[in-house]
Protein chains: 2
Amino acid sequence: MAVTIKDIAKYAGVSVTTVSRALNGYPDVSEETREKIKKIAEELNYSPNSIARGLVTNKTHTVGLVVSELIKPGAYHPFFLEILAGIKAGLRKDKYDLILYTVDPTSQDVTPYEKLCNDRKVDGAIVEGLKLSDPYIEEIKNTEIPTVLIDIPILNDKVGYVSSDNVQAAFEATSYLIKLGHKNIGFINGHNDAAVSFERLEGYKKALYKNNIPYKDEYVVFDDFTQDGGYNCFRKMIFENPEITAVFHASDLMAIGSLKAAQDLGMQVPDDISIVGFDDIELSSLITPGLTTIRQENYKIGYMAARHLVSIIKGEKPRHIIIPHRLIIRQSAKKI
Amino acid sequence: MAVTIKDIAKYAGVSVTTVSRALNGYPDVSEETREKIKKIAEELNYSPNSIARGLVTNKTHTVGLVVSELIKPGAYHPFFLEILAGIKAGLRKDKYDLILYTVDPTSQDVTPYEKLCNDRKVDGAIVEGLKLSDPYIEEIKNTEIPTVLIDIPILNDKVGYVSSDNVQAAFEATSYLIKLGHKNIGFINGHNDAAVSFERLEGYKKALYKNNIPYKDEYVVFDDFTQDGGYNCFRKMIFENPEITAVFHASDLMAIGSLKAAQDLGMQVPDDISIVGFDDIELSSLITPGLTTIRQENYKIGYMAARHLVSIIKGEKPRHIIIPHRLIIRQSAKKI
DNA sequence: AGATGTTACCAAAACGTTTCGGATGCATTT
DNA sequence: AAATGCATCCGAAACGTTTTGGTAACATCT
């Protein structure tokens, strides 16, 4: 049916070897025959069978994107699209295709990571949204498959990762609140099944320490990154520690949850309480008051993850790549 | 390196043919040897090389998802994730893998649709977000590749589509406004490069006609589906037709744009003007006032698209599949 | 003149499966 | 006893490439 390299060979009166080598730019074919072959290939609308090629080269020019929690309980992954768009852009140059795996941690049949990748013979994979407790983590620590993780610090011979500088970002956000005059600053953190939670806590502590504000355990709570999580944590925190005047959050969704909770408690934001988030999702600029937050360059995170994966596949050494963040000042935090 | 069917054959003392047939459930192998082979395969951690299999069967068990405008100018596709999640769920049962193509209409090298699919040898494809003017449309009308379109009505031997009943949905939304007592109802429609725009206009007209309200051309404007589009259209429409008391929109983003515009013009929603959207994106329930809108079951649209594609691949006849919608009543429209 | 190098080409193997067309041995039917 | 049927197995071809290890013809160097 489809035209193969054999057809071209017949047409051109040469061997399949020569066709292959001509089309792939090998030097041992005369310019004359190369041109002839190229022309015929063009005319016959030939396009190489990537399956057959993959069988012999053992390369598919395909990478996997494995994402956990595409659908978080109650909400869709808030910035997956941005990461995805970045990944696609990063892959475009080298013409890698992307095959999407969504893993559901609650599902029964958890295909092991290596099997997942090997079955489809991907050349490498980008991994996003894994919890620290996910069994994939252990597997990836020792894998030979070129892998780039997003927001999970694992580094070995074939595995690198990209993330924001979460310590620094949390440091800046907290410092900003301190600069506004706040001293009793709560921190509604993400669950401690995420690497970023530890880093952000460290940044928060660092800012307090640097400004000689004593750290209090009761000012820090953990929950999942959702709006409901923020809502509940805020109520509890304010109820138990009414002296708090500002709350930093490990996600915008949680910050928005706090915002709602504050409103429901009859508090004005930012007059009665200052709120700062993390992520800068689209919604954060649309709500009132606009949410002061840390912008993560998710598109760029995806883009660099893809670029780095390609470089690992090509044999370069994996690294940790840090993507710059930025404090976005809106109206949800103010001076006291 | 990896264990192949040959290794198993050697271990089991049978031919590769028998191993293949045993593993694939053919009847002409005794239960005894089948069990033996299965056990060995298990022990050796064998997993079949899908590339090699694909080469001979000419099937890859992979489908493509081609999506245009993943990143619309200024905004990310508002409900792509829901569709995607639905597609993945629909594919899971039959273990099809998903490879993601994002096509950028403004890009130079637009790979033809058939080439896109043939190069990677996908068994079929789901297509979303195409404009009517996209060259892919013509190609798909005559393609032999099993294809399911979302929101684009093309039907042939191998091509089906799924969508909401846009006529009926627009009819219901408009009828609802009429029931609330509105007579001068504007319609901010999407650009007429989208099939749904025509259908929604038809539904809008139908509702007016049924209620003996004369249709006025100046009450209907077209723009892209974005927030900015809504914002600008609303200002213009209200300025030129101040008697309008309600506006129906072809997307929630546009409705939200109108909301902003109304606020900027000092109008109260819903007291001075009623607003109705289309889509029910997440944001619509979070803003104040909550947006009355038509909910599209995007997850289900994706799910059914996937299921239908699989059935077409298996030889069944393509159809038009209609996914139910629902009028979601919130606070942005009220009785006059 | 012989050795060496260079250029342009090719036959055949290999990749790991599936599948086609038997083949073998045994039991059953005529 | 021959023919038939059945259950179980297998050899080899095929899928469309890339790659290995050549060869042949000619030019250049010693």
Side-chain angles (χ1 to χ4, degrees), chain A residues 1-41 44-62 95 97 115 117-123, chain B residues 1-41 44-62 95 97 115 117-123:
Chain A
M1 184 100 294
V3 26
T4 77
I5 217 174
K6 245 183 237 169
D7 302 319
I8 300 180
K10 210 183 299 172
Y11 253 73
V14 297
S15 72
V16 296
T17 306
T18 303
V19 175
S20 174
R21 299 182 76 81
L23 259 22
N24 290 317
Y26 281 72
D28 63 346
V29 35
S30 72
E31 273 315 306
E32 190 187 356
T33 49
R34 187 194 303 279
E35 282 314 314
K36 185 170 67 177
I37 288 170
K38 273 189 172 172
K39 189 155 151 274
I40 293 174
L44 262 43
N45 195 21
Y46 168 77
S47 85
N49 184 322
S50 58
I51 299 288
R53 174 181 293 172
L55 185 57
V56 25
T57 59
N58 214 16
K59 295 257 165 292
T60 55
H61 237 74
T62 303
K95 303 203 177 217
D97 276 326
K115 182 166 165 53
C117 293
N118 282 334
D119 275 10
R120 283 297 167 168
K121 298 272 177 275
V122 297
D123 294 344
Chain B
M1 184 101 294
V3 25
T4 77
I5 217 174
K6 244 183 239 170
D7 302 319
I8 300 180
K10 208 184 300 172
Y11 254 73
V14 298
S15 73
V16 296
T17 305
T18 304
V19 175
S20 174
R21 298 181 78 81
L23 260 21
N24 290 318
Y26 281 73
D28 64 346
V29 36
S30 72
E31 272 315 307
E32 190 187 356
T33 49
R34 188 194 302 278
E35 281 314 314
K36 185 170 67 176
I37 288 170
K38 272 189 174 173
K39 190 154 149 274
I40 293 175
L44 264 43
N45 196 19
Y46 167 77
S47 85
N49 184 321
S50 58
I51 299 288
R53 174 181 293 172
L55 184 57
V56 25
T57 60
N58 213 16
K59 294 256 164 294
T60 54
H61 237 73
T62 303
K95 303 200 176 220
D97 276 327
K115 182 165 165 51
C117 293
N118 282 333
D119 275 8
R120 283 296 167 168
K121 298 274 178 275
V122 296
D123 294 344

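Convention: sequence-line order gives letters A, B, ...; per-chain numbering from 1.
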Value for CD1 (Ile37(A)) from CD1 (Ile8(A)), rounded to nearest 0.5 Å, stands at 8.0 Å

From the candidates dT19(D), dT17(D), dT17(C), the one with an atom nearest any side-chain atom of Ile5(B) is dT17(C)

Expected string for nucleotides 9-14 of chain C under the B/S/- scheme (protein heavy atoms, under 4.0 Å, primed atoms plus P, OP1, OP2 as sugar-phosphate) is BBBB--

With sequence neighbours left out, the residues meeting side-chain hydrogen bond (donor to acceptor under 3.5 Å, both in side chains) with Thr17(A) are none

note: Lys59(B), atom NZ; dA14(D), atom C1'; distance rounded to Å ~ 16 Å

Taken to the nearest whole Å, CG/Asp119(A) to P/dG16(C) is 15 Å

Test side chain to side chain contact (heavy atoms under 4.5 Å, CB included) on Asn58(B) and Lys121(B); report intermediate values, then the result.
CA-CA 8 Å; Asn58(B) 213 16; Lys121(B) 298 274 178 275; 4.3 Å; yes

Looking only at heavy atoms, the pair that brings Val29(A) and Ala22(A) closest together is CG1-CA, 3.9 Å

Between Leu55(B) and Pro27(B), the residue closer to the 5' end of DNA chain D by nearest nucleotide is Pro27(B)

By side chain to side chain contact (heavy atoms under 4.5 Å, CB included), Glu31(A) pairs with (sequence neighbours left out) Arg34(A), Glu35(A)

Rounded to whole Å, the CD1-C1' distance (Ile37(B) to dT18(C)) equals 15 Å

*Base, sugar-phosphate, or nothing for Asn24(A), non-hydrogen atoms under 4.0 angstrom?*
sugar-phosphate

Would one find a side-chain N or O of Tyr26(B) under 4.0 angstrom from OP1 or OP2 of dT18(C)? no

**Request:** Go through Tyr46(A) and Ile5(A) one step at a time and tell me if the side chain to side chain contact (heavy atoms under 4.5 Å, CB included) criterion holds.
**Result:** CA-CA 8 Å; Tyr46(A) 168 77; Ile5(A) 217 174; 4.2 Å; yes

Taken to the nearest whole Å, NZ/Lys121(B) to P/dT17(C) is 20 Å

note: Ile51(B), atom CD1; dT18(D), atom P; distance rounded to Å ~ 14 Å

Between its two end axes (five pairs each) the helix from dA1(C)-dT30(D) to dT30(C)-dA1(D) turns, nearest 10 degrees, through 60°

query = How would you label the contact of Thr57(B) with the nucleic acid (heavy atoms, under 4.0 Å): base, sugar-phosphate, or nothing?
reply = sugar-phosphate

Step by step, work out the side chain to side chain contact (heavy atoms under 4.5 Å, CB included) result for Arg120(B) and Asp97(A).
-> CA-CA 9 Å; Arg120(B) 283 296 167 168; Asp97(A) 276 326; 2.3 Å; yes

When rounded to whole Å, the CD to C1' distance for the pair Glu35(A) and dA8(C) reads 16 Å

Listed pairs under 3.5 Å, donor-acceptor, residues 48-56 of chain B side chains, sequence neighbours left out:
residue  : atom : partner   : partner atom : Å
Asn49(B) : OD1  : Ile51(B)  : N            : 2.8
Asn49(B) : OD1  : Ala52(B)  : N            : 3.1
Ser50(B) : OG   : Asp119(A) : O            : 2.6

Hits for side chain to side chain contact (heavy atoms under 4.5 Å, CB included) against Asp28(A), two or more places apart or cross-chain, chain-then-number order -> Arg21(A), Tyr26(A)

To the nearest angstrom, the CG-P distance between Asp7(B) and dG16(C) comes to 9 Å

- Query: Are OP1 or OP2 of dT18(C) and a side-chain N or O of Arg53(B) less than 4.0 angstrom apart?
  - Reply: yes

Rounded to whole Å, the CG-C1' distance (Asn118(B) to dC15(D)) equals 16 Å

